[in-house]
Amino acid sequence: MRRPAAILSLLLALASCTRPAALEIEDAWVRDSVGRTANAAVFMTIRSQERDRLLSASTPVAKKTALMTMTSKNGAMAMDYVKAIDVPAGQPVELNATGLHVWLADLHQPLRAGQTFPLSLRFEHAGERLVTVSIIAPTAAAPAS
């Protein structure tokens with residue numbers, strides 16, 4: 001009687017090891033803050049096997065962070081705050097320069113190409129996720145997921 005229970009326990013443990021990650025964040029990056037730029041936008045790709053929502057972000061390199069999107073208003077681009085970013089199950093969400101992004105306001109110091117910094121992302125279901133953001137040169141090609 002003990003043997004089937006032990007085998008079942010081992011199979012369950014093995015199955016949990018092969019289960020895909022529920023949420024992945026890829027290619028988190030920002031451009032070098034040339035000169036005295038006090039703000040920056042962070043971009044990345046978020047993938048989730050289950051529906052989720054990005055609720056907020058924080059980092060020690062800026063006084064404030066916000067979730068934002070770019071919109072076209074009267075022929076000009078404008079940034080608008082968003083309360084959350086939906087992450088549909090099985091569909092990648094691209095945070096990029098023409099749409100959704102994490103806004104860093106009042107940087108404590110300039111961001112320099114070749115360096116990195118931590119960014120904490122809070123999701124409705126996946127909880128807190130810490131990512132490393134790469135700082136790239138102003139003219140460098142964006143990382144591709």
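By convention here, the first residue in the shown sequence is residue 1. Small disclaimer: the values here were computed from a predicted structure and weren't measured.
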* **Minimal non-hydrogen separation, Ala84 against Leu55, with atom names** => CB-CD2, 4.1 Å
* **Whether Thr69 side chain and Asp80 backbone form a donor-acceptor pair below 3.5 Å** => no
* Does Arg31 reach the main-chain N or O of Ala140 with its side chain, forming a donor-acceptor pair under 3.5 Å? -> yes
* Asked: Can you tell me if Thr65 uses its side chain to pair, donor with acceptor, with the backbone of Ala57 under 3.5 Å?
  -> yes
* Linking I/L/V/M/F/W/Y whenever their side-chain heavy atoms sit closer than 4.5 Å, directly or via other members, would Val102 and Tyr81 fall into one cluster? -> no
* Looking only at heavy atoms, what is the nearest atom pair of Thr59 and Pro118, with distance? -> OG1-O, 2.6 Å
* Pairwise side-chain contact, Pro88 with Val93, heavy-atom cut-off 4.5 Å (strictly under) -> yes
* With a 4.5 Å limit on heavy-atom distance, are the side chains of Asp32 and Arg112 in contact? -> yes
* To do: Quickly, which of Leu67, Thr45, Leu100, Ile25 forms a side-chain contact (heavy atoms from CB on, under 4.5 Å) with Leu95? Name it, please.
  => Leu100
* Whether over 12 other heavy atoms sit under 6.0 Å from Gln109 CD -> no
* **His108 side chain vs Asp106 backbone, donor-acceptor pair below 3.5 Å** => no
* **Minimum heavy-atom distance between Ala113 and Ala137, given as atom pair plus value** => CB-N, 3.7 Å
* When clusters are formed by joining ILVMFWY residues with side-chain heavy atoms under 4.5 Å apart, either directly or through shared neighbours, do Leu107 and Phe117 land in the same one? -> yes
* **Donor-acceptor contact present, side-chain Ser33 to main-chain Leu111, <3.5 Å** => yes
* First locate atom CG of Leu119, then atom CG of Leu130, and finally report the distance between them rounded to the nearest 0.5 Å. => 8.0 Å
* Structure fact -> When every non-hydrogen atom of Val82 is compared with those of Met68, the smallest separation belongs to CG2-N, 3.9 Å
* Asked: Out of Glu94, Glu26, Glu24, which one pairs with Arg47 under the salt bridge (Lys or Arg N to Asp or Glu O under 4.0 Å) rule?
  -> Glu26
* Asked: Does one hydrophobic cluster hold both Phe43 and Val61, with members joined at side-chain heavy-atom distances below 4.5 Å?
  -> no
* **Separation of Arg51 CZ from Asp86 CG (nearest 0.5 Å)** => 7.5 Å
* Can you get from Met77 to Met79 by hopping between Ile, Leu, Val, Met, Phe, Trp and Tyr side chains that sit under 4.5 Å apart? -> yes
* May I ask you to decide if His125's main-chain N or O and Asp52's side chain share a donor-acceptor pair within less than 3.5 Å? => yes
* **Nearest heavy atoms of Val42 and His101, plus distance in Å** => O-CB, 3.5 Å
* Asked: Taking all atoms of both residues into account, what is the closest heavy-atom pair of Val87 and Leu54, and its distance?
  -> CG2-N, 4.4 Å
* **Donor-acceptor under 3.5 Å (Ser134 side chain, Trp29 main chain)** => no
